[in-house]
*Asks:* 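Handing you a structure now.
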Amino acid sequence: MKKLLLLCLLLSFYVQPIHSLGNVFVVNKDYLRQLKENINPTQVDDVFGYDFPVITNPDDVKIIVNKQVQLSAEYEPNDLVEVDVFKVGATTNKQMRKVAADALKELFEKAKRQGYTLAAISGYRSYSTQNRIYHNYVANHGQSSADRFSARPGHSEHQLGLAMDISVASIGYSLSERLAETPEGFWVRHNAHYFGFIIRYPQGKEPITGYMYEPWHLRYVGVELATQIYLCDCTMEEYYFMVSEKQ
């Protein structure tokens, strides 16, 4: 109880209201201190053999996985299910955690009722699968380019089982920025939060997220957090590190 009260006090001291977004900035210098002590629900620990702090509560749907913190190679969600939506491509990567899979089904069904047909392309990936994908990209494109559009093993949201890449027929079911220019992509951008999803890597935010614009990459965080992130038009990094400029 004392720890909870302390956390509430810290939050009230550091966090600015959403409508004051223009008066806040992204904290970089004290990234891990903020991560461990203040806003982000993720807990991390320094583990021997890993280059970055390792997330210790990977089942929390609100955790942030990025280039500064990672999942262990052994982590695999224990509630993965096949998504019950329209799927295109390989059948081996269409799983999500049940809570995310159920929400994705609701999102797809709502889109369909409003005249938009979405397709699931790529969901859960194990550490070993991401390792293979990443190093293939490095071999073909070079490391600096690969790091803009592919997560290193342990740093991928797909390993959480909370991410799904989507596409539509009009762009050949490709994973392309062109998705944002389609009616379906526009609808998803402005409705995904009602179902607990965010566009994890928004346009113009590469300096913050470390990844190029990916309008196809949906991340489940729950309706409350997704709505807050949508309303402040920010990334998870920005949302979790809204602190007073005086600090």
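The structure presented is a predicted model; accordingly, all values stated were derived computationally and were not measured.
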*Asks:* Run the side chain to side chain contact (heavy atoms under 4.5 Å, CB included) check on Q228 and I198 step by step: do they pass?
*Replies:* CA-CA 10 Å; Q228 292 170 354; I198 60 172; over 6 Å; no

*Asks:* Please collect all salt bridge (Lys or Arg N to Asp or Glu O under 4.0 Å) contacts where either partner lies in residues 69-79, sequence neighbours excluded, each pair once.
*Replies:* D79-R97

*Asks:* Quick check: do P202 and T235 have side-chain heavy atoms less than 4.5 Å from each other?
*Replies:* yes

*Asks:* What closest approach, in Å, do A100 and L162 show between heavy atoms, and which atom pair accounts for it?
*Replies:* CB-CD2, 4.0 Å

*Asks:* What's in the same ILVMFWY side-chain cluster as V138, cut-off under 4.5 Å, chained through other members?
*Replies:* Y134

*Asks:* Test: salt bridge (Lys or Arg N to Asp or Glu O under 4.0 Å). Region: residues 123-146. Which pairs qualify, not counting sequence neighbours?
*Replies:* R125-D165

*Asks:* For S156 and L71, work out which heavy atoms get closest and say how close.
*Replies:* O-CD1, 3.9 Å

*Asks:* Which heavy atom of L160 sits nearest to which heavy atom of P58, and what is that distance?
*Replies:* CD2-O, 3.6 Å

*Asks:* With heavy-atom distances below 4.5 Å as the criterion, would you say the side chains of Q130 and H135 are in contact?
*Replies:* no

*Asks:* Per the salt bridge (Lys or Arg N to Asp or Glu O under 4.0 Å) rule, what does the pair list look like for residues 166-192, sequence neighbours excluded?
*Replies:* R189-D233

*Asks:* Would you find more than 12 non-hydrogen atoms of other residues, nucleotides or ligands less than 6.0 Å from F149 atom CZ?
*Replies:* yes

*Asks:* Using a 3.5 Å cut-off and no angle test, enumerate the donor-acceptor pairs between side-chain atoms of residues 106-121 and protein atoms at least two apart in sequence or in another chain.
*Replies:*
{"from": "K112", "atom 1": "NZ", "to": "T117", "atom 2": "OG1", "distance (Å)": "3.0"}
{"from": "Q114", "atom 1": "OE1", "to": "W187", "atom 2": "NE1", "distance (Å)": "2.7"}

*Asks:* Find the distance between OH (Y239) and CG (L231) and round it off to the nearest 0.5 Å.
*Replies:* 10.0 Å

*Asks:* Is it the case that atom OH in Y137 sees more than 12 heavy atoms from other parts of the structure closer than 6.0 Å?
*Replies:* no

*Asks:* What pairs meet the salt bridge (Lys or Arg N to Asp or Glu O under 4.0 Å) rule with one or both residues in residues 203-231, with sequence neighbours excluded?
*Replies:* R148-E206, E157-R219, K205-E238

*Asks:* Could you tell me whether the side chain of S145 and the main chain of G142 form a donor-acceptor pair under 3.5 Å?
*Replies:* no

*Asks:* After noting the C-alpha distance and the side-chain angles of I166 and L179, does the key distance pass the side chain to side chain contact (heavy atoms under 4.5 Å, CB included) rule?
*Replies:* CA-CA 9 Å; I166 66 168; L179 175 64; 4.2 Å; yes

*Asks:* On a heavy-atom basis, which atom in P215 and which in S176 lie closest, and how many Å separate them?
*Replies:* CG-O, 3.9 Å

*Asks:* Let me confirm one number: the CD-NE2 distance from Q70 to H155, rounded to the nearest 0.5 Å.
*Replies:* 4.0 Å

*Asks:* Under the side chain to side chain donor-acceptor pair (under 3.5 Å) rule, collect the residues that match up with N136, sequence neighbours excluded.
*Replies:* none

*Asks:* Considering only heavy atoms from C-beta outward, does the side chain of V69 approach that of V54 to under 4.5 Å?
*Replies:* no

*Asks:* Quick check: is F195 connected to V81 through a chain of hydrophobic side chains (ILVMFWY, heavy atoms under 4.5 Å apart)?
*Replies:* no

*Asks:* Do V85 and Y220 belong together in a cluster built from hydrophobic side chains that touch within less than 4.5 Å?
*Replies:* yes

*Asks:* Under the side chain to side chain donor-acceptor pair (under 3.5 Å) rule, collect the residues that match up with H190, sequence neighbours excluded.
*Replies:* Y230

*Asks:* Any side-chain heavy atom of L218 within less than 4.5 Å of one from R200?
*Replies:* no

*Asks:* Strictly distance-based, threshold 3.5 Å: is any side-chain N or O of K87 a donor or acceptor partner for the main-chain N or O of V83?
*Replies:* yes

*Asks:* Can you name the side-chain contact (heavy atoms from CB on, under 4.5 Å) partners of V223, sequence neighbours left out?
*Replies:* T227

*Asks:* Same hydrophobic cluster for V168 and Y213, using side-chain heavy-atom links shorter than 4.5 Å among ILVMFWY?
*Replies:* no

*Asks:* Between atom OG1 of T56 and atom CG of D60, what is the distance when rounded to the nearest 0.5 Å?
*Replies:* 10.0 Å

*Asks:* Transitive ILVMFWY cluster of Y211 at side-chain heavy atoms under 4.5 Å: who else is in it?
*Replies:* Y201

*Asks:* Quick one: do Y173 and I171 end up in the same hydrophobic cluster if we chain Ile, Leu, Val, Met, Phe, Trp and Tyr together by side-chain heavy atoms under 4.5 Å apart?
*Replies:* yes

*Asks:* Looking at every non-hydrogen atom in both residues, tell me the closest pair between F197 and M96 and how far apart they are.
*Replies:* CE2-CE, 4.1 Å

*Asks:* Quick one: does any side-chain atom of H193 pair with a main-chain N or O of A226 as donor and acceptor, under 3.5 Å?
*Replies:* no

*Asks:* So, taking the atom named CG in L104 and the one named NZ in K94, what distance separates them when rounded to the nearest 0.5 Å?
*Replies:* 11.5 Å

*Asks:* Between I133 and Y127, is there shared hydrophobic-cluster membership here, with clusters defined by ILVMFWY side-chain heavy atoms closer than 4.5 Å?
*Replies:* no

*Asks:* I'd like to know whether M236 forms a side chain to side chain contact (heavy atoms under 4.5 Å, CB included) with V221, so could you lay out the CA-CA distance, the side-chain angles of the two residues, the decisive distance to 0.1 Å, and finally the verdict.
*Replies:* CA-CA 10 Å; M236 288 186 79; V221 296; 4.0 Å; yes

*Asks:* Between the side chains of Y124 and Q159, does any donor sit under 3.5 Å from an acceptor?
*Replies:* no

*Asks:* How long is the straight-line distance from CE of M164 back to OG of S122, given to the nearest 0.5 Å?
*Replies:* 7.0 Å

*Asks:* Taking only residues two or more places apart in sequence, or in another chain, which ones meet S128 in a side chain to side chain donor-acceptor pair (under 3.5 Å)?
*Replies:* S126

*Asks:* Check the pair I64 / E237 against side chain to side chain contact (heavy atoms under 4.5 Å, CB included), numbers first and verdict last.
*Replies:* CA-CA 8 Å; I64 185 170; E237 282 81 6; 3.6 Å; yes

*Asks:* Which ring-ring contact (aromatic ring centres under 6.0 Å, His included) pairs, counting each pair once, include a residue from residues 60-90, with sequence neighbours left out?
*Replies:* none

*Asks:* Please give me the minimum heavy-atom distance between Q95 and L80, naming the atom from each residue.
*Replies:* OE1-CD1, 4.0 Å

